[in-house]
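Working notes, structure below.
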Amino acid sequence: MATVSEIMRRSIPLLTANMSITEALDKLLSSELSGLPVVDTQRKIIGFLSEQDCIPNLVKASYHCDNRVTVNDLMYKEPLTVSPDTDVFELARMMGGAKPKLYPVVEDDKVIGIVTRHQVMQVLNEQLQNCSISY
């Protein structure tokens, strides 16, 4: 079975904790992902900012035109991550239920990519199709 390193997206924008929410949202929206890792100056993951984290604050900030919010104010500070060697079946089990829809991929404490539920589903679908062919 495939590993995360074979399916992950390697080129992703990264956020910093002191970034303004408007700058972070520009990166998030242009990435077409539902969340992005927050890193320090060495690319070590220190948080994760998702669309879900942003929505409640955006309502208030947009209404009051308050742009003082930073990524640090909204980010989840204990993000779940996977290694590039994680088996896709194992990741699929992790994604079941209320777990995140995407995971930062971390190697040597540095963010090297991201893997999404969509990518996992594609691999599982290919596996299932291969099973059908062999019968």
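Here, residue 1 is the first one in the sequence, and each next residue gets the next number.
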Self-check item: side chain to side chain contact (heavy atoms under 4.5 Å, CB included) partners of E90, counting only residues at least two apart
Solution: T86, D87, R93, M94
Quiz item: Any chain of hydrophobic side-chain contacts (each under 4.5 Å) joining L80 to V115?
Solution: yes
Quiz item: If Ile, Leu, Val, Met, Phe, Trp and Tyr residues are connected whenever their side-chain heavy atoms lie under 4.5 Å apart, and connections chain through other members, are V38 and I21 in the same group?
Solution: yes
Under 3.5 Å, which donor-acceptor pairs do the side chains of residues 4-14 form with other protein atoms, sequence neighbours left out?
unit_1	atom_1	unit_2	atom_2	d
S5	OG	T3	OG1	3.0
E6	OE2	T3	N	3.0
E6	OE2	T3	OG1	3.2
R9	NE	S11	O	3.4
R9	NH1	S31	O	3.1
R9	NH2	S31	O	3.3
R10	NH2	S5	O	2.8

Self-check item: Non-neighbouring partners of D73 that pass side chain to side chain contact (heavy atoms under 4.5 Å, CB included), sequence neighbours left out
Solution: V69, T70
Exercise. Applying salt bridge (Lys or Arg N to Asp or Glu O under 4.0 Å), name anything that partners R68, two or more places apart in sequence or on another chain.
Key: D66
Self-check item: Residues which pass side chain to side chain donor-acceptor pair (under 3.5 Å) with E51, listed by chain and number, not counting sequence neighbours
Solution: none
Exercise. Would you mind listing the cluster partners of Y76? Hydrophobic ones only (ILVMFWY), side-chain contacts under 4.5 Å, chaining allowed.
Key: none
Practice problem: Mind jotting down which residue pairs meet the side chain to side chain donor-acceptor pair (under 3.5 Å) criterion with at least one end in residues 34-47? Sequence neighbours excluded, please. | Solution: none
Quiz item: Quick one: side chain to side chain donor-acceptor pair (under 3.5 Å) partners of N72, sequence neighbours excluded?
Solution: none
Quiz item: Any side-chain heavy-atom pair from I114 and F48 closer than 4.5 angstrom?
Solution: yes
Practice problem: Just jot down the side chain to side chain donor-acceptor pair (under 3.5 Å) partners of N18, sequence neighbours excluded, or say none. | Solution: T16
Exercise. Look up atom OG in S62 and atom NZ in K60, then write down how far apart they are to the nearest 0.5 Å.
Key: 11.5 Å
Quiz item: With sequence neighbours left out, what residues match N57 under side chain to side chain donor-acceptor pair (under 3.5 Å)?
Solution: none
Quiz prompt | Partner set under side chain to side chain contact (heavy atoms under 4.5 Å, CB included) for T116, not counting sequence neighbours | solution = L33, L102, H118, Q119
Quiz item: Is the side chain of D26 donor-acceptor paired with the backbone N or O of E23 at a distance under 3.5 Å, no angle test?
Solution: no
